Structure formats: C-alpha cells, structure tokens
Amino acid sequence: IRVRKAFSEFSQEEFDRVVAVNLRAPFFASQAAVPLMRAQGGGKIIVMGSASALRGMKGTSTYSAARGAQLAYVQSAGVELAADNIQFNLIAQNFVDNPTYFPADVQSNPRFQDRLRREVPLGRLVTAAEDAAFVAYLCGPTANCFVGQVFPLCGGWVAR
C-alpha cells in the first residue's frame, strides 16, 4: 500500500498499516515457504518490491522506508538461504505498466507522457510482458547465481 503525504502527517496507525502490507506480509509469506523449499532441495523466492526504496521521492517517506526495509530483508535472508540452495531476490519496480498505478486515463494524459520522457530514460513504461519475462528468468535454472540481489526494473528511473 502506498499513501502519498508528508512524513510529519502520518499517524501511527497509517504507518503500521504501510509497514504491515509492504514488509510484514512478504516477510512471513517467504518465511512460510522456506521449510517446503528446504525439504525439496531448494527453490526461488522473488519479492516484487519498489524502486522507490532506491530513490527518494517527496510524499513517500513511510512507503519508501517500508520498501527499503524489504530490500535489506531480502539481501540478508538471501545470503542466509543460499546454503540451502534457495535463491531469494527482489525486483524493485517502478514505471511498470500496471492499471492500478497507471490506468489508461493517466497514461494518455500529456502531462504523464511528458513526465515519462523527463524522468524515465527508457521514455515509456516497462511492459507487463517484460516484467513477467524477467521474473521467469530469475525463477529459471540459468539464474541460480543470484543471491540476495535487488534488481531495479524501472526503465532507468533510479539511474537519474
């Protein structure tokens, strides 16, 4: 969950909700999967995170903090789980074609299109197919060498 407001305006309840959804949920979901993966000799865990943890943005301090903690969790747990042949990594997304964040009316807005050209070196949204292909690659056998990695998938947005 992402709420845009100044950090000084967040209530404790709002903060707790953002942390619960963005940090607690993937923490306990992945923790539950590990015993099954150990029993089968290994596996892959991919957390779909946010590139907002890699670049500061006004009005997203609580969301970015929860996502940043998510990054640190994946990096540390990834190192811990590597000995069990479990590759645990995170894709840090932003500017991916998603009807929740970027509905058709937003995408067709000339101001949004200008923003894409200005902020995203790729100049467009990453497609859902590109996103899915990267997830499939990370889940495949040729990606067994990645341990606790954070992969920005955002058209170059974090590189700016």
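Predicted model, so just to flag it, every value in this text is computed and none were measured.
Listed by chain and number, the residues in a side chain to side chain donor-acceptor pair (under 3.5 Å) with Arg24 amount to none (sequence neighbours excluded).
Contact annotation: the side chain of Arg115 never approaches that of Val120 to less than 4.5 Å [non-hydrogen atoms, C-beta and beyond]. Taking 4.5 Å as the limit, every side-chain heavy atom of Met37 sits out of range of all side-chain heavy atoms of Asp84. Contact check for Gln70 versus Arg67: side-chain heavy atoms found under the 4.5 Å cut-off. Side-chain contact between Val135 and Met48 is present, with at least one heavy-atom pair separated by less than 4.5 Å. Counting only heavy atoms from C-beta outward, the side chains of Tyr63 and Phe10 never approach each other to under 4.5 Å. Taking 4.5 Å as the limit, some side-chain heavy atom of Val150 sits within range of a side-chain heavy atom of Gln75. Contact check for Phe112 versus Leu125: side-chain heavy atoms found under the 4.5 Å cut-off. Annotation: side chain of Leu153 is in contact with side chain of Asp131 (closest heavy-atom distance under 4.5 Å).
Taking OG1 of Thr60 as the start and CE of Met57 as the end, the distance is 4.0 Å to the nearest 0.5 Å. Within the model, atoms CD of Glu119 and SG of Cys154 stand 11.0 Å from one another, a figure rounded to the nearest 0.5 Å.
Residue Asn98 comes nearest to Thr100 through the heavy atom pair OD1-N, 2.7 Å, listed as atom of the first residue, atom of the second, then distance. Val147 and Ala82 make their closest contact through CG1-CB, 3.8 Å (heavy atoms, listed as atom of the first residue, atom of the second, distance). In plain terms, the two heavy atoms of Ala53 and Leu71 that are nearest each other are CB-CD1, 3.2 Å. Closest heavy-atom contact between Glu130 and Thr127: OE1-N, 2.8 Å.
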Quiz item: When you look at Arg38 and Leu81, which way does the side-chain contact (heavy atoms from CB on, under 4.5 Å) test go after all the steps?
Solution: CA-CA 9 Å; Arg38 282 184 175 137; Leu81 295 171; 3.6 Å; yes

Exercise. Verify side-chain contact (heavy atoms from CB on, under 4.5 Å) between Ile45 and Val34, making sure each step is shown before the conclusion.
Key: CA-CA 9 Å; Ile45 301 172; Val34 167; 4.1 Å; yes

Quiz prompt | Glu14 vs Thr62, side-chain contact (heavy atoms from CB on, under 4.5 Å): CA-CA, chis, key distance, verdict | solution = CA-CA 9 Å; Glu14 288 170 317; Thr62 299; over 6 Å; no

Self-check item: Test ring-ring contact (aromatic ring centres under 6.0 Å, His included) applied to Tyr101 and Phe95, step by step
Solution: CA-CA 9 Å; Tyr101 287 115; Phe95 291 103; over 10 Å; no

Quiz item: Given Leu138 and Phe151, is the side-chain contact (heavy atoms from CB on, under 4.5 Å) satisfied, shown in steps?
Solution: CA-CA 10 Å; Leu138 288 177; Phe151 299 98; 3.8 Å; yes

Practice problem: Apply ring-ring contact (aromatic ring centres under 6.0 Å, His included) to the pair Tyr73 and Phe88, showing each step before the final yes or no. | Solution: CA-CA 10 Å; Tyr73 164 61; Phe88 192 15; 5.5 Å; yes

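Only one option out of Asn22, Asp16, Val21 pairs with Val18 in a side chain to side chain contact (heavy atoms under 4.5 Å, CB included); it is Asn22.
Side-chain contact of Asn89 with Lys44: a donor-acceptor pair under 3.5 Å is absent, judged by distance alone. A side-chain donor from one of Gln107 and Asp97 sits under 3.5 Å from a side-chain acceptor of the other.
Each of Phe27 and Leu36 belongs to its own hydrophobic cluster when Ile, Leu, Val, Met, Phe, Trp and Tyr are linked at side-chain heavy-atom distances under 4.5 angstrom. No continuous path of hydrophobic side-chain contacts links Ile46 to Val79 [ILVMFWY only; heavy atoms under 4.5 Å].
A donor-acceptor contact shorter than 3.5 Å links the side chain of Ser108 to the backbone of Asp105.
The residues Asp114 and Arg117 are annotated as salt-bridged, a charged nitrogen and a carboxylate oxygen being separated by less than 4.0 angstrom.
Within a 6.0 Å radius of CD in Gln12, no more than 12 heavy atoms belonging to other residues, nucleotides or ligands are found.
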